[in-house]
Amino acid sequence: MKINSKYFPILLFAAIAFGIVLGGWLNFPNQNHFFAKNNSKNKINKLIDFINNEYVDKINTDSIVNLTVDKIMRQLDPHSVYIPPSQQTQIAENMKGDFVGIGVNFYMYRDSIAIIKTIENGPSEKAGILSGDRILYADKTKLFGLKLPTDSLFSKLKGEVDSEIEVTVYRKSVHKNIKIKIKRGVIPIKSVDVAILLNPTTGYIKINRFAETTFKEFENGLAKLKKQGAKALIIDLRDNGGGYMDQAIAIADEFLEEKKLIVFTKNQKGIIEKTFSTKNGNFETGDLFILINENSASASEILAGAIQDNDRGTVVGRRSFGKGLVQREMNFEDGSAVRLTVARYYTPTGRSIQKSYSKGNEAYFKESNARFMNGELFHKDSIKISKTLKYKTPKGKIVYGGGGIVPDVFVPIEVEHDKEYVAYLSQSGIVGQFVFEQLDSNRNAFKGLSFEQFLAKIRGTDFFFNSFQKFIIKSGLVLIWIRIRNW
């Protein structure tokens, strides 16, 4: 049969169309089943369309979607979370290790922003901002007498690198308003609080979280301590809630000989990824101690677990939080993100230290309260772990899984309640507030004092003790002051 050439294109496209349809039948033999699988997705999309087009009142459907996503994430595990755009930027900056701003630590004192101190060599210090200055205006935006949340204040002071902002400050020492131009710059957010010698041969490094710059900060601190003569090292991970896994792995590598297993992960498909130490460790010998407590989690537990399971050092403190899940952040176009659990991690002996979340998120995060009530924070023999999840290190030490890292050396919370009060006060921030207000009332009285002179000034009078007592009582707390005076 001869086909007229002018009909050939029509027949060709008809054949292609038929092939696509046939292919669909072959790949999805039950077409109704295919649509049923996607029915839930279609239902959500259609519902949003119905609300947009038909609902009697005007509704912000974006907020409905956010609530829906948040509720879905709550059905997974305690660490899979939805992060709205308003929080995502701040979280990302915190983990990045720096941000662009003017470089000040401030305190909302009464109705104004009071500068506690400027960041050393930062934009504000270079521009002449002083401790105690009150920021009244950022350009023409009024910043006093307002109930602005902290994140709003940050947004007024942040901007692009090298962009200028003119702040108007009230300087109490001269009773004047002063206009100062500040060129914004990159401000580091330190994750290593301190690296110091406790004695001529023992170094101490405190890590508050695992951010992008943590290993670099740690490496610099370790190099400094070794140069000063450190032969033993204490790594303080107490109250460190974790962060980037790779930073904890890099730090563990500093202490382990080549080809030692640091950690391994297993995903939904059963794929296992192992991470081993390299030959680049800078502290592979020498005594090593890791400090942990009930708030040490995630990356902190990876580091502590690697050291404990390889018999490299001594873990000291109280049982850690118990987070053995790995998250990956996935971004949406509107600036929000989901942090989704994609794997479980295991310490070198093969143990998962993830505690149970079968009773729901609220119970999961309040489990630390249960530890307090059952006496675990005071007595090692009250630690509640599964004795069946037992593992052995290469040297035969018994370690347990299923609920955090159990320390080699247990250190209880102080039983004396007076000391407990002092600890809670220190963590609350109220001590810093009192100190700021005392300094602010008469900065010249403390200017140029050595530490010894400062202590003599404080201890030589009842004034500061009595003033602090009044400050605390005014805040609503009542303590047994006579017994805790020295503390």
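Atom set for the values below is all heavy atoms of this structure, side chains included, hydrogens, waters and symmetry mates excluded. Being a predicted model, the structure only gives us computed values, none of them experimental.
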Above 12 or not: heavy atoms from other molecules or residues under 6.0 Å from NZ of K117? no

For the residue pair E258 and T278, establish whether any side-chain heavy-atom pair is separated by less than 4.5 Å. no

Is there side-chain contact between D309 and Y391, with at least one heavy-atom pair below 4.5 Å? no

Does R238 offer a backbone N or O that forms a donor-acceptor pair with the side chain of K206 under 3.5 Å? yes

Keeping T347 on the side-chain end and A306 on the backbone end, is there a donor-acceptor pair under 3.5 Å? no

Look only at the side chain of E217 and the backbone of S191, and say whether a donor-acceptor pair between them is shorter than 3.5 Å. yes

Inspect the surroundings of NZ in K260 and state if more than 12 heavy atoms from other residues, nucleotides or ligands are less than 6.0 Å away. no

Quick one: which of I290, I205, D287 gives a side chain to side chain contact (heavy atoms under 4.5 Å, CB included) with L233? I205

Report the residues that fulfil salt bridge (charged side-chain N to carboxylate O under 4.0 Å, His left out) with E329, sequence neighbours left out, ordered by chain and then residue number. R339

Does R318 reach the main-chain N or O of N295 with its side chain, forming a donor-acceptor pair under 3.5 Å? no

Pair Q327, T341 - check side chain to side chain donor-acceptor pair (under 3.5 Å), show working. CA-CA 4 Å; Q327 283 74 44; T341 297; 2.8 Å; yes

Take a 6.0 Å sphere around CD of E273 and say whether it holds more than 12 heavy atoms from other residues, nucleotides or ligands. no

Which of I235, I307, I207 passes side chain to side chain contact (heavy atoms under 4.5 Å, CB included) with I251? Answer is I207

Holding to ring-ring contact (aromatic ring centres under 6.0 Å, His included), I want the full list of residues that pass it with F365, two or more places apart in sequence or in another chain. H79

Measure from the ring center of F321 to the ring center of Y364 and say whether it is less than 6.0 Å. yes

Taking C-beta and beyond as the side chain, do T265 and N267 meet within less than 4.5 Å on heavy atoms? no

Using a 6.0 Å cut-off, check whether atom NZ of K397 has over 12 heavy atoms from anything other than its own residue. yes

For a side-chain contact (heavy atoms from CB on, under 4.5 Å) check, start with the C-alpha distance between F99 and I189, then their side-chain angles and the critical distance, and finish with the verdict. CA-CA 8 Å; F99 67 94; I189 306 173; 3.6 Å; yes

Name the orientation class of the two ring planes belonging to F332 and Y82 (parallel below 30°, tilted from 30 to 60°, perpendicular beyond 60°). tilted

Just jot down the ring-ring contact (aromatic ring centres under 6.0 Å, His included) partners of Y345, sequence neighbours excluded, or say none. none

So for atom CD, which belongs to E257, do other residues, nucleotides or ligands contribute more than 12 heavy atoms lying within a distance under 6.0 Å? no

